[in-house]
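Single-structure report; data block below.
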Amino acid sequence: MRSRTVIVPIAIGVVVWLAAHASAGQGQSEAPAFRIPTSTYTPPKTPWGDPDLQGVWDNHTVVPMQRPVNLAGKRTFTDAELAAREKARASNDPLCNQNDDRCANATVAALDVLPTYNGFWTPQDFVYDNRTALIEDPADGRLPPMTPEAVAIQREHVRLHPPTDPNSTEAVEIRHWTDYDLAERCIAAQVPTSTMGYNSAQYLMQSPGWVMLAHERLNTRIIPLDGRPHLGGTMGGWMGDSRGRWEGNTLVVETTSYTNKQSGGSVGASVPEGIPFGNFHVVERFVPMARNRIHYYVTITDAKTWTRPWTFMQPWEKDRVLRYEDNLGAVTTEPYQMYEYACHEGNNTMGNSMRGAQLALRQQQAPPSVPESETTKSLMGKTEAEIRALFGAPVEVTGPRWQYSTSNGILLFYAFFEKGQVVRVRPEDLRLTEIVSNASR
Amino acid sequence: MAVVMVALGAVATFQAPAYSQGGAIPRTSWDRKPDLNGIWQAFSTANWDLEDHEGGPSPVFVTGAWGATLPGLSVVEGGKIPYKPEALAKREENRRNALPGKPGRNLSADPELNCFLPGVPRATYLPHPFQIFQSPNRLWMVYQFSYARREIFMNGKSEAPIDSWMGWSNARWDGDTLVIDVRGFNGQTWFDRAGNYHTDALHVVERYRMIDRDHILYEATIEDPNVFTRPWTISLPLYRRIEKNVQLLQFRCQEYVEEFFYGEFVSPPRQ
């Protein structure tokens, strides 16, 4: 196990290295600032002599990129701590529905935190990892300090897209399609990807002179191994331009030439939102640890953004057998098979969401002069019988939440009841006449 | 840093003198089957229309000769696609709707216009290269257009668990010809910009036969009893891209249709 006393002099070395290479530009080899642990495992070979790492690799994880502040100094969990954490996590719940007693009996406050949507989508079968952070270097498991330039970029990004919650520092407001992150736009996941939430697999395919990494979501990376030069400029686009080589049994991939259009964030992103990654120099090291385990180390160098390079690691596991349980408790298992991820083809959400954002902004600027008595806000305090008398039966009841929709399934509004009376309604500014004329009967 | 020099076969094509043609079919070191590894492209106008088509003006006049239709001869054996009469009427309707001339996701337009996944066989003859990755018992194809891709199951008879845009592919060798049986399509793709189409009953059998080191004869037999009176076949050559350092480049066209899809929902930027 590494110790801090070893790391500190190395960290100083990094600063010296940065100063020495400040004008060298991209494409230089990495100085071994942080030493990637080696492995004694020898993988099988392909017929043409490369280590054979082919197959479906999953890196589904719950370990955060940065070590939470309350776990400072704690690098790993014990088995007992891991078991306790697992128990505390939500199970891979089916959607919260009418047949689910927890939903039916929930209070409004409890409903807010039930895994009604995301719990269904995020499987809880993680690749084993007992660490408290993905970041290995710096040794405190936290991102190194950002440069003043990068801090200013991030602040400006948030200022231009202010959060709705004044206590939040996350960019929220949408005015343009480029305000969505890359994954929401179905363009790419940032390279390197880290935590994907779901569909976290990648098929690693090899042919003589090439590696192809088909990520289950979005990215298809094609990596030549023949020593050709990088494309240069911004030709690498959203995923950057990757060149690979074998160092012993470790696949080493260097990526540069990213587009300079994008900022960070998005699902699977390895860097915080608002950080442009056009200046990234990324070195990935796929270290084979066992037949079905790779330790995937990534070192990101970007002197415009961070004061020193940093490295994170994710364990990858091959040939996992996944277990599915449906609403009725039936269990199926199957070897991990990646399916087509047609993201853009089904992306109705972005258009709807932009339309909503546009309407919200217009209302902010010129609130409609409809008296509250004519909007959904006036439903507060009404009884179940009164709501039924006004709009008929709800389309769906989820515990304390009644849903009304149009005949083609577009959500109109939710009313939340406690002790038989409406205590919350969303949205509050919908004209009652619109509901009466549109509601499904 | 060590350049990986591969022991046998496939990568030798990279070191071969550029721009020569002919030559023996490369074979894999592991099973002596034709080695299809490489970057390939159809130099064909089939994506405009599988059947005979004349050159024509751009459908959008401001794009002038840039947007013109390239002329080409039919790649369909016998020249014509054997449509059922009512299906031919639908093809004509598709042709009128192919380019709706108004913004937004338009599901009656050519799916290529929306940057939707191209399906098979269209992915093969889009005006973009694609790369074949072949290793023992594994085969993938990755297309430059939108990075569309297919995992192809070797010697498998697996059934499509669900319909998809690119279909579900099982392959086998018939002598030196790679035969890929593709089913499980969702019925939302077209064959070209001219409205030639199919339903989710589509069944495609592709045949890849190397005729020399740098050429594959590509054939696809298309069957869909909802639309056609009999199976029919297209054939066209695929050419190896032999430029030094050739690689697929980014064509994530999702980005190129964003203004088209979402332009009307933009709010002025915050100052």
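In what follows, chains carry the letters A, B, and so on, assigned in the order in which the sequence lines appear, proteins first and then strands, with residues in each chain numbered from 1. Remember, predicted model here, so these are calculated numbers, not experimental data.
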Whether the R149(B) and Y203(A) side chains hold a donor-acceptor pair (N or O, under 3.5 Å, no angle test) is what I'd like checked.
no

Between the side chains of E151(B) and Q337(A), is a donor N or O closer than 3.5 angstrom to an acceptor N or O?
yes

Say whether, by atom type as modelled, one donor and one acceptor occur between the side chain of [X] and the main chain of [Y] under 3.5 angstrom.
| X | Y | result |
| --- | --- | --- |
| R228(A) | K244(B) | no |
| R159(A) | Q271(B) | yes |
| E255(B) | I187(A) | no |
| Q206(A) | S135(B) | no |
| E340(A) | W165(B) | yes |

Please classify the contact of [X] with chain B as side chain, backbone, both or neither, using a heavy-atom distance under 4.5 Å.
| X | answer |
| --- | --- |
| M205(A) | side chain |
| L160(A) | both |
| R221(A) | neither |
| I222(A) | side chain |
| R362(A) | neither |
| L231(A) | side chain |
| N219(A) | backbone |

Measure [X] against the heavy atoms of chain A and call it side chain, backbone, both or neither at under 4.5 Å.
| X | value |
| --- | --- |
| R105(B) | side chain |
| F153(B) | side chain |
| P269(B) | backbone |

Under 6.0 Å from the CD atom of E334(A), do we count more than 12 heavy atoms belonging to anything else shown?
yes

Verdict with reasoning, R252(B) to L218(A), per side-chain contact (heavy atoms from CB on, under 4.5 Å):
CA-CA 10 Å; R252(B) 287 296 276 178; L218(A) 295 167; 3.8 Å; yes

With respect to chain A, which residue among E264(B), E259(B), M166(B) yields the maximal number of heavy-atom pairs within a distance under 4.5 Å?
E259(B)

Show, in sequence, the C-alpha distance, side-chain angles and deciding distance for M354(A) and V266(B), and conclude whether the side-chain contact (heavy atoms from CB on, under 4.5 Å) test is met.
CA-CA 7 Å; M354(A) 275 191 78; V266(B) 170; 4.0 Å; yes

Do the ring planes of H344(A) and F261(B) sit parallel (below 30°), tilted (30 to 60°) or perpendicular (above 60°)?
parallel

Take R270(B) and R175(A), measure what side-chain contact (heavy atoms from CB on, under 4.5 Å) needs, and give me the verdict at the end.
CA-CA 8 Å; R270(B) 187 175 281 271; R175(A) 288 169 178 259; 3.6 Å; yes

